[in-house]
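Proteins come first, then strands; the chains are lettered A, B, ... in the order of their sequence lines, and each starts at number 1. Everything numeric in this text was worked out from a predicted model, so none of it was measured.
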Amino acid sequence: MSLLKSRTGILVMIGIIVSLFVPVFVANKFYIDILSLILFSAFLGQSWNILGGYAGQFSFGGVIFFGTGAYASSILLTTFGIDPWIGIFAAIAAGALAGLFIGFISFRYGLRGSYFALITLAFSEVFRVIANSVEFTGGGVGIFIEHAPGIKNLQFTDPAGYYYMALVMVIISLAIAFWLERSRFGAYLIAIRENEDAAEALGVNAFRCKIYAIMITGAMGGAAGTFYAQKYLYIDPPIAYSIGMSVEMLLVTIVGGMGTVFGPLIGSFVLHTVNEVARHFIDTPGLSLIVYGVILVAIIGFLPNGLIGLFKSQKKQTGGKSDA
Amino acid sequence: MLEVKSLEAGYGLVQVLRGIDLNVNSGEIVAVLGSNGAGKSTLNNTISGLYKPFAGSIQFEGQEISGMASERIVEMGLVQVPEGRRVFPNLSVLENLEMGSYRRGKGNRAKNIEHILEIFPRLSARLKQLAGTLSGGEQQMVAIGRGLMAEPRLLILDEPSLGLSPLLVEQMFTLIKKINNDGLAIVLVEQNVVQSLAVADRAYVLENGEIALSGPASELIDDAQLKKSYLGI
Amino acid sequence: MTKKILKSGVSRRTFVAGTAASAAALAASNFGFPHIAKAAENVKIGLIHPATGFLAYPGGQLRYGAQLAIGDINKAGGIKSLAGAQIEALLGDSQTKPQIGAAEVEKMHEAGVHAISGCYQSAVGLAASAAAAKYNIPFSIDVGVSDKLVQRGLKNVFRMADGYGRIASAAATNLGAINKAAGSPAKTVAIVHEESEFGTGTAKLMNKYLSEQGFEVLETIKHANPTRNFDNIALRIKAMKADIVMPINYPGEYVLLARTLRQQKVDFAASYSVLGGGFNFKFVKDLPQIAENMIDVNHWYDPKSSAGRALRKRVEADGKFFTFEVYLAYLSIAFLADGFERAGSTDPAAVNEALKNSTLDPMFMPYGPTKMYDGQNIGSRAVAIQAQKGDVQIISPAEYASAKAVFPRSKA
Amino acid sequence: MLAMNISMMPAAVLNGLMFGAIYALVALGLTLIYGVLHIINFAHGAMLMLALYATFYLFKFAGIDPYLALIIVIPGSYIFGYALYRWGIGKLSHGKDQNILLITLGLSIIFENAAQFFFTADQQTISLSYSYDSFDLGFVYLSYPKVISFVASLVICLMLWWLMATTDLGKAIRAVAKERQGARLVGINVENIYAITYGIGIACLGAAGCLLLPSFYVDPYTGNIFVIVAFTIVVLGGMGSIVGALVGGFIIGITESLGGLFLGESLGQIGISLIFILILVFRPTGLFGAKQ
Amino acid sequence: MLEVKGLCKSFGGVAAVNTVDLSVDEGQIVSLIGPNGAGKTTTFAMVAGFVAPDAGSVTFEKQNITGFKPHRICDRGVVRTFQVTQPFATLSTLENIMVGAYHRTANRQAAEERARAVAEQVGMKALLDQAAEGLTVAGRKRLELARALATGPKLLLLDEVMAGLNPTEIDEIVTVIKGIRDSGVTIFLIEHVMKAVMNLSDFAYVLNDGVLIAAGTPTKIASDSNVIEAYLGHGAAERMTGEVAAGA
């Protein structure tokens, strides 16, 4: 067991070190940009994974926190001139608060399973409509962030800048997931996922644990929002609260392996690669996405426990779904 | 009428049953006894066609049924009343009974329902009630009644006394005997050794997926090995 | 990883050999093919459009128009100042997402792109042109109505066609002229606009410009994307008895609104849309009885120019509709090619300088001479067009008019 | 302004009712699939889109009136749905809910892009001779297509309700919804019932496609426009409830209409989401759902 | 240590539990018996905080805990098990028990040690690494017990931990329960297996249709005519009194 753990540890260290040097050795900026998108998506997936994978609270509204965070730092920047280094913490706080708000309403009334999934979907629509209708978000016009490259503004001329930023975010997210698997809080979340009543009977304050989980998810989503806003310099309600992004978050996580440390990263990596490769080899619009869809269905059909099943030996990992 | 020979079975890749030989003659009550995990439910479910056997044969009235789809087996007159009742909670008692004759069509439906209400008069007043709102004992009656609606010639009852109070358990065994008196063969899968042997003609004891003991119920009840391995006396 | 060079100038395979973003491929990218051998003789223009997703139709039209232009230029001898260099198109698909659009810029940059044309959606255009600015890649907005696109001080971004600011102004002026010519029968306007930047921004400007023209805006009605049912809006317009209905929205809602107005038998002098998403030849052909006499202010080709008529004929011979996406993409490519021609180089700074001073004759467009001001062509002009007897005619301004306005509309 | 809004209320309610019937039809398929198979059918929008295309091409190439096309598209959709579940979704999902979710998601990607590939991304509309004929009620005109779709939706809901309540098939579907093992043991082929249910759900979309096209349009992404509304209705009416879907469709149609009237057609959309949230919070089983 | 007074609960107008009074003294094993649907599990659920009572009070160690959430009641030292076992299915036995053990410590090492000790106490040592979903019914029942025990309760509410077990397994678990009591944990149990009830309990309550119909020592209950009529039946009653006589 300790051997396995330490082997994983060594692999992770090697992975991090290799990742740090990727931009040095890879001259192709496109790869760096795609890698930062993969990392960004993995980070969002991990944020979903805390609540969805570990705590078992399946959400269709993961984008809420992303959008709220993006708005928080962007509004601070454009209205008050507060630079995004501070803004990102505001975004984290805003994401966590949005989590608190939604979690409080949903969990207070005991919503579980598909009911929770659907209420988060509804909230993401509410947030979108509100962002569209109020003044301080710029309404339907959205928010433009001035193009002003510089580390102070969290804007980089070299894609490697965003790559490193995304890498740091992913490493933090892996650390969070790793900590979850080793901690009491994580054990409680998993217990809630497996059987909430039983967890409650054993003294787990399920409501509070779920609130914490959704706040962590929200905080991570908020940080991702700032990253996005500073990279693409524009957000509007359809971008900030797109159902597509919510779907992508759960997609990469489930395909990779829900409730596992590396699931979201693996899922993001594979799905983006499949997409890019299909796009590369097939010129006809639409056809490449058909191929992508077929591969997606095939992965799920043949690896019902996610891609991480490929990497796992028979040894069952904590929190991972084992074959029945 | 039921002939199980050298049956090997399980679910997924797990083998549970090894070399089971078992037979039931028409009109008999045959008890299958055994502790948890001995393979009783696997045996039932394999006979009922829910699991495909790995090897061996199951013949019902001379016809090979191993590997046959469960609905075909029901159609042939071999019906299981499962452990835990498994009534349709969102359907009324009447609809539950009707569903029992899903494979039989509407021909004898009214007549059979009447017959079942004679056996379980308590259900008459509850025909419109949703089965999920009944008490455990009543649900067990619905489950058995539903099984009878399929016009079975052999009925497998899986733990019909489970979770019932002693009083109801006693009534349940009386009913089983009564149903059997109509000429229906019954396989009674039970943990309640004493009462099962009291109503059964013959019995098999299942242990670790194999038949450990078999014989007439009256002999088994005094068997020292059974007492030791099962009753813990 | 083998790569195939296709004969056609239009291939994705020729500009990125592999995007298998696996570690192995990454390593390979370093040692194997860091930069694709730059075919010195080719000028590479990247096309970034929504080829898939809910905007695939306009995206496809844009791509088609751009490829048409590239084919024409190559056939005519390519870029002559670069020894007849051929133009090679690098095809990009934004999938309607800003982040993908920006990634396509990176991909094209790696493939040695010399200029980019795109992106239809303003949000994608903003992200992609900012990404291109890092490398100073000349970026021509073919379609993209947000005025922010050219107002960020990026030196590499140009737009030949109008943004909604200028179009709104043109719409008001033309409406004023049409109304006056008919004896000023219309006094009131109801604006119906979609909720994003395009509709909201345009509607706001229209309020101002219309009052300057002496119209009264009775109500400005914002609607969601998508809106499934326009009955309420139609009844509202009917109740307020507006003379002019002014839709500013996307194709689906445009068509639904037009139909519902008819179903609810709403009486008005004219439907006068601004950048009406659904107003095109297809609409006029598919739903002639609804389209008849509807007016739109939009990018439009010049039907009086022989180049315009010839282009339309070719497009229609291809079985395509001659929508504004087609000729604006064509124009965008012509604009870039002219820049290369005059720069005599593919150096970004030189090309940007040439583009900035472009005086390209916009051939088939009803434009004045091209003049760039902060990246925006202020020689451009939107015109008022009207569906008449199954065809579309320019009705204002007078110098380009191909037919007289039917105003107020004739009652069916 | 307020006075005008109030005077328009009857018309708005009626319009909401008419459109709500179409919503109900889309939701009907969803609620059935959810109630029995316990899966959230992400491919619902894509399937509606396919039905719209089927109707469109029948009209375009065979000149078949969309309402006549009902008798082709409904059985066609049923067969398509049945086959898709029996030999696709059912086999690939291994019975895991989140996998079914992703498989239907994958299918929607495939269908949408296949539609773009084969049918092009053009937005298609049809024009019927009677598209603009209408009943004049004084305060509002009800166009023939809307009235036809309203009546047809009601009839279809009624037929489905009859099927579920009185036939053996309907009872078997309900039985399978709650007790799979028990159903197997009375001789119900559960996989077959699943496929039938999915087929019926898709057949509802087939009907919706025929009824919607004359007053709407189709492109590869049209279907998604109706999905969130359909989810709301399913929750509102109670997952699995047919009457719930119909009543829910009406309520949502009217809410949307009145929300648009009083809050504006943009902010008014919030009404649907708020109802969604309120129902989930205070009565998650929906108006007609079984109590827990 | 546990006092229940005037507890009432109805579902949809039907009284499931009707003005029930009972008490459990420290160090005892007390049984709650009665026919199916008599309201036993509902009573447990109210004591453990899973169902809020309509009326009445629950007092534990002289403190009113009526209407508290389950986790707060667990904090006080009252833990229930479930009639239908509720394992954390994909977790191993050890991980399952650790969830309970974490109630006393946030330290992973300490929780694991405690879980191992409890597993030993209930005889699950050999099953520690097995996934809970793969356990037999008997194993699951033990797991329920072990998890509850790992929280370090003062009062254990055991809901039919013997249902579905064979006589040998029942004997084993009776021994385990006795051991738990001897270690200082008070036990309140719902049971149908009358042999075990007779064997284990110091005191028993009989519920029927939500109403207490008898209370007393097991022997007294077994001969109570009300109880025989409503619940035991004559056969069982005879066997039971016989067994008690034989056992004594």
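Neither the backbone nor the side chain of D:I275 comes within contact range of chain A; no heavy atoms are under 4.5 Å apart. Contact of D:V235 with chain A is made through the side chain alone, with heavy-atom distances under 4.5 Å. Interface residue A:F60: only side-chain heavy atoms are found under 4.5 Å from chain D. Heavy atoms of D:I272 lying under 4.5 Å from chain A are absent altogether. For a residue to count as touching a neighbouring chain, one of its non-hydrogen atoms must lie under 4.5 Å from one of that chain's; by this rule A:F58 touches chain D with the side chain only. For A:I299, no part lies under 4.5 angstrom from a heavy atom of chain D. For D:I40, the part lying near chain A is the side chain, with the backbone staying farther off; criterion is any non-hydrogen pair under 4.5 Å. Interface remark: A:V291 contributes no atoms to any contact with chain D (heavy atom separation under 4.5 Å). With a 4.5 angstrom heavy-atom cutoff, D:Y34 touches chain A only via side-chain atoms. With a threshold of 4.5 angstrom between heavy atoms, A:I300 approaches chain D through its backbone and through its side chain.
Under the 4.0 Å criterion applied to side-chain N and carboxylate O atoms, A:E196 and A:R112 are assigned as salt-bridge partners.
Interface summary for chain D: among A:L289, A:V294, A:L296, the most heavy-atom pairs under 4.5 angstrom belong to A:L289. Here A:F123 is the residue among A:F123, A:F302, A:Y292 with the most heavy-atom pairs under 4.5 Å with chain D. Most heavy-atom pairs under 4.5 Å with chain D: of the set A:T284, A:I295, A:L287, this distinction falls to A:L287. Note on D:I89, D:T104, D:L274, D:L101: by heavy-atom pairs under 4.5 Å with chain A, the leading option is D:L101. For the set A:I243, A:I130, A:I254, the count of heavy-atom pairs under 4.5 angstrom toward chain D peaks at A:I254. Chain D forms the most heavy-atom pairs under 4.5 Å with one residue out of A:V297, A:L111, A:L118, and that residue is A:L118.
In this structure, A:I192 and A:E200 have side chains that are not in contact, with every pair of non-hydrogen atoms separated by 4.5 Å or more.
With hydrogens and angles left out, the side-chain atoms of A:Y241 and A:N132 include no donor and acceptor closer than 3.5 Å. Judged by distance alone, the side chains of A:N275 and A:H272 never bring a donor and an acceptor atom under 3.5 Å apart.
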Applying side chain to side chain donor-acceptor pair (under 3.5 Å), run through D:Y23 and D:E256 and close with a yes or a no. CA-CA 11 Å; D:Y23 289 168; D:E256 182 180 50; 2.5 Å; yes
Determine, step by step, whether D:D219 and D:Q116 satisfy the side chain to side chain donor-acceptor pair (under 3.5 Å) criterion, reporting the C-alpha distance in whole Å, the side-chain angles of both residues, the deciding distance to 0.1 Å, and the verdict. CA-CA 8 Å; D:D219 66 34; D:Q116 181 182 340; over 6 Å; no
Steps toward side chain to side chain donor-acceptor pair (under 3.5 Å) verdict (A:Y109, D:R283): CA-CA 10 Å; A:Y109 289 93; D:R283 201 186 153 85; over 6 Å; no
Dump the intermediate steps for ring-ring contact (aromatic ring centres under 6.0 Å, His included) on D:F111 and D:F117, then the final yes or no. CA-CA 10 Å; D:F111 290 153; D:F117 185 71; over 10 Å; no
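When every heavy atom of A:S106 is checked against every heavy atom of A:I119, the shortest pair comes out as OG-CG2, 3.5 Å.
Partner D:I225 forms a side-chain contact (heavy atoms from CB on, under 4.5 Å) with one of D:T222, D:V229, D:I228, D:V227 and no other, that one being D:T222.
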